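Only one structure is covered here, and it is reproduced in the block below.
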Amino acid sequence: MKRDRWCGELRREDAGREVVLNGWVQRRRDHGGVIFIDLRDVSGLAQVVCNPEVSAEAHAAAEGVRGEYVLFCRGKVRLRPEEAVNPKLPTGEVEVLAEEVGVISRSLTPPFEIQEESGVDETLRLRYRYLDIRRPDLRDALILRSRVTGEVRNFLSSRGFLEIETPMLTKSTPEGARDFVVPSRLQPGKFYALPQSPQLFKQLLMVAGLDRYYQIARCFRDEDLRADRQPEFTQIDLEMSFVEPEDVISLMDEMFAHLFRLFLEVELRVPFPRLTWREAMERYGTDRPDLRYGMEIVDFSSALAGSGFKVFRSALEAGGRVRGFKVDGLVSPPRRELDGMVEEARRLGASGLVWMVREGDGLKSPVAKFLTGEEGEALIDASDLREGEVLLLAAGGEEISPVLSGMRDHCVRRFGPPRNEKFAFVWVTDFPLFDWDEEEKRYKSNHHPFTAPSGDCLDFLEERPLEVTSQSYDMVLNGVELGGGSIRIHDPALQERVFAVLGLSREEAEDKFGFLLEALRYGPPPHGGIAYGLDRMVMLMAGRESIRDVIAFPKTQSGGDPLTGAPDAVYPEQLRELRLRPI
RNA sequence: GGAGCCGUGGUGUAGCCAGGUUAACACGCCGGCCUGUCAAGCCGGAGAUCGCGGGUUCAAAUCCCGUCGGUUCCGCCA
C-alpha cells in the first residue's frame, strides 16, 4: 500500500485526516493491549497506535513486527491526549490510529542500534553504511550536502556560470599530488590519470570563450588520508574570464553569506577580512589561521636585544627573533601544565619553549634569573600581561612559526579560551609563487604552475624566485582551508618562464603541458578562479569533525571500503587484456 | 616512512597498571506479563575461550614480542 504522506511532517492540522505511511520501525512498545510503533522515513518519525479495539487485524500484525521492518500503515491522524504529547518530536502532538498495518519487508536484527548517538566502531558502520545512513545525524548531513550543492548551482548559474563536465580519464601531469592511474586497453602500455582537479580543462574552457565555468567536480589524489582528506573528494570548481582577484573574492563573499544565511541562519559580515600570507605567518604562524581566537603572535626581539639568556641572545645575533603570545583562558596554572606545554612544543619540533607567568611586578620563569628588570617590564608591557597570565616565547628563524601556531592550537584545545565568533572567515592572499624543495633541490609551485605572479615581481622572477608573490587567494574558515584559487597566467611567454624556474625543460614542458601552451597562443582571455573542498565546507556547516561524516560512502585511512571490499585483486584475464603483469 | 591511542557477548564499556574459581554492567536480542508509552515497565533466558600468532608462567583478557585492523597526528597532499 502506497504512502500519501511523510512520517515526519504530520502536524495538528492533519488531525481527522486518513493517511497512509510507509517507513521503517524505529521502535515498538508493546503494552500487551495497545502497541506503539515509531515509524521512520527520511523526513522523520511518527507514532502509530495499534489498538485491538480499533482494529484487531492491525494489532495482530503489529505483534509480529520487529525493529527496522518496513511497514505500510493506514489510519486516521488524531490529536494525542494532552498528557501524552511528546514535545521532543516535531510530530509529537499527533499520532496515527492504525486501521491497517502490513509488513512490506522484514529485517534481520541490525548489527548496531539505529539511533542518534552512535559511538559504534567506524569500520562496522562503514561495512553497513546503508544502516548507518538511517541514523538522523548522518542522514541530515547528507540532506544538507545536497541542499548546499543545489544552492551553489542556483547561485552560480544565476551569475552566468555554465556547468561543464570535464574528463575523468585524462593525462598524468608532473607537479602536485600522486596520480591515480588507469591502464588503457586500446593503447597497451599507456595510462590515463584520474584528475587531481579540472584545472587545465577549465583554463581551456576560458580560452574557448565560455567566459564563466563551474563544476561540482570529483577529484582524485593518491596521498595519505586524514580526517579532512579522502582519496576522492568533491570540489566546487569555477573559473571566470576578464577578472582580477577582487572579482573572484567578492563574488565568493556573496556566495558564502548567502549559503550561511539560507542554511544556518547565520549573518556573516562581508567582506571577509583579509591577510596577506606574510601577515598571516607573522601574526599566527600559519597560512590558515583560526581567527575565532585571539592570541596573536608578537615579536619581542627589541625588548630582549642583548639579553643575558644565551638562547635568546644567540638566536638574535644569528638574525633570528624571539616571538610568542599571551595565552588566553589560563591564569596561574600549576607547574605541570607549563611543563606540558614545553613537551608539546618539543613534539612540534621546537628545540625549546620558554614560559613566563606574571607575579606582581615581575615574572616567574625558568629563565627569570637571566632577565633584567627592564627586560621583564618590557615584556609585560609589550604583551599586556596581567597577574597570573602566561606568556610563551620561542626563539629562532622562520621555523618557529609552525611551533607557535601549533602551541596556539594546543592552547585552544586545552584551555578553551574565549571565542570571538562561531564562524571566522578570512582570505589569505599573496602567497609566495615558489617554495624551495630541499629534497629535490629545486623550486616548486606553492599553488600550481599556472598561477600568475604579481605584476611587480616579473623583473626578478628568475633572479629571486622566493621573493615572488602570486595573485592567489585562499579562503580559510575556522583554521580550515576551504578553498584556494588564483589569477592564471595567460601569456605563453610568461608561462614558459615559470616552467623554466620550476626546472622543467622546454621538451618536458612541451610534452606535459604543450596543449596548454599552444592554447595560450590562440587569444586567451585573462582569467582566474577558485576551487572549494565541498566536503570540508559541508563538514564545517554540519558541525562535524571529519569529512567522512558528510560523505555517503567514504574510505578508511588505508583507502579501503569495508562495504564493497575495494580495493581488490582482479582476474588474471583482466590483467592480460591490459597487458599488465605484477612485478 | 614515523609517532600516539583503540581492539573484551550483536553494540558500548568495566576488568588489564599490582596474572589466580562461573569475565561484570548497560543497551540490544528471545520468551512471559502488561491498554498511553515514546530510552515504556516488571519477570525470566540465550549470548564473549577477551583482534590474530608466538613467548614468559603452575596459571594470561591481564606481562613481553610480533602481526592485523581502525583512528589521530607528522611526513606527504601543486
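No experiment lies behind these values; they were computed from the predicted model shown. Every heavy atom of this structure was used, including side-chain atoms; hydrogens, water molecules and symmetry mates were not. Convention: sequence-line order gives letters A, B, ...; per-chain numbering from 1.
When rounded to the nearest whole Å, the span between CD of E83(A) and P of rC38(B) equals 13 Å. Between the NZ atom of K555(A) and the P atom of rU71(B) there is a distance of 13 Å, rounded to whole Å. Nucleotide rC77(B) holds its P atom 14 Å from the CG atom of D287(A), rounded to whole Å. Regarding R346(A), its CZ atom lies at a distance of 18 Å from the C1' atom of rC74(B), rounded to whole Å. Put simply, NE2 on H448(A) is 15 Å from C1' on rC77(B), counting in whole angstrom units. The nearest whole Å value for the distance from the CZ atom in R80(A) to the C1' atom in rU37(B) is 9 Å. Remark: P of rG36(B) and CG of L89(A) are 19 Å apart, rounded to the nearest angstrom. Look at CZ on F180(A): it is 13 Å from C1' on rC76(B), rounded to the nearest Å.
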Interface polar pairs with nucleotides 45-48 of chain B, N/O, under 3.5 angstrom:
none

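Pair check for rC25(B) finds rG12(B); Watson-Crick or G-U wobble, both atom distances under 3.5 Å. Nucleotide rG53(B) forms a pair with rC65(B), judged by Watson-Crick or G-U wobble geometry with both contacts under 3.5 Å. The partner of rC5(B), taking Watson-Crick or G-U wobble pairs whose two distances both stay under 3.5 Å, is rG70(B).
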Notebook entry, point to check: How does each nucleotide of nucleotides 1-14 of chain B score, in 5' to 3' order, for protein heavy atoms under 4.0 Å: base (B), sugar-phosphate only (S), or none (-)?
Noted result: B--------BSS--

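Q115(A) contributes no side-chain N or O that forms a donor-acceptor pair with the base of rG28(B) under 3.5 Å. Contact of R127(A) with rG69(B) (side chain to base): no donor-acceptor pair of N or O atoms is detected under 3.5 Å.
Not a single donor-acceptor pair under 3.5 Å links the side chain of R28(A) to the backbone N or O of I37(A). Listed for the S546(A) side chain is a donor-acceptor partner under 3.5 Å among the backbone atoms of A227(A). Judged by distance alone, the side chain of Q471(A) and the main-chain N or O of P453(A) form a donor-acceptor pair under 3.5 Å. With hydrogens and angles disregarded, no donor-acceptor distance shorter than 3.5 Å links the side chain of S486(A) to the backbone of S472(A). For R127(A) (side chain) and D561(A) (main-chain N/O), no donor-acceptor pair under 3.5 Å exists by modelled atom type. With hydrogens and angles ignored, the 3.5 Å screen pairs no side-chain donor or acceptor of R80(A) with any backbone N or O of E93(A).
Comparing the same atom, C1', in rC6(B) and in rU13(B) gives a spacing of 13 Å after rounding to whole Å. Annotation: rG70(B) and rG12(B) have their P atoms spaced 16 Å apart (nearest Å). Rounded to the nearest Å, the gap between the C1' atom of rG15(B) and that of rA39(B) is 27 Å. Distance check on atom P: rC63(B) versus rG19(B) gives 9 Å, rounded to whole Å. Comparing the C1' positions of rA61(B) and rG1(B) gives a spacing of 33 Å, expressed to the nearest Å. With both ends at atom P, the span from rC17(B) to rU62(B) equals 9 Å, rounded to whole Å.
Counting any heavy atom pair closer than 4.0 Å across all strands shown, E95(A) reaches a base atom. Within 4.0 Å (heavy atoms only), D30(A) reaches at least one base atom of the nucleic acid. At the heavy-atom level, R488(A) lies nowhere under 4.0 Å from the strands shown.
Taking the centre of each ring, W436(A) and Y443(A) come in below the 6.0 Å mark. The six-membered or imidazole ring of F450(A) lies near that of F513(A), with a centre-to-centre distance under 6.0 Å.
Distances shorter than 4.0 Å separate some side-chain N or O of R27(A) from OP1 or OP2 on rA40(B). Put simply, S558(A) has a side-chain N or O that comes within less than 4.0 Å of OP1 or OP2 on rG70(B). The side chain of R548(A) contributes an N or O atom lying less than 4.0 Å from OP1 or OP2 of rU72(B). Neither OP1 nor OP2 of rU37(B) sits under 4.0 Å from any side-chain N or O of R29(A). Phosphate proximity of rC77(B) to Q196(A): absent, as no side-chain N or O sits under 4.0 Å from OP1 or OP2.
The side chain to side chain contact (heavy atoms under 4.5 Å, CB included) search around P567(A) returns none, not counting sequence neighbours.
A side-chain N or O of D179(A) and one of Q196(A) form a donor-acceptor pair less than 3.5 Å apart.
Each of D287(A), T469(A), T451(A), D435(A) was evaluated against N446(A); a single residue qualifies, D435(A), per the side-chain hydrogen bond (donor to acceptor under 3.5 Å, both in side chains) test.
In this structure, the nucleotide among rC73(B), rC38(B), rC76(B) sitting nearest to the side chain of R229(A) is rC76(B). The side chain of A227(A) has rC73(B) as its nearest neighbour among rC29(B), rC73(B), rG36(B). Among the nucleotides rA39(B), rC30(B), rU37(B), the one closest to any side-chain atom of R66(A) is rC30(B).
Put simply, the side chain of C50(A) does not reach to within 4.5 Å of the side chain of E63(A), judged on heavy atoms.
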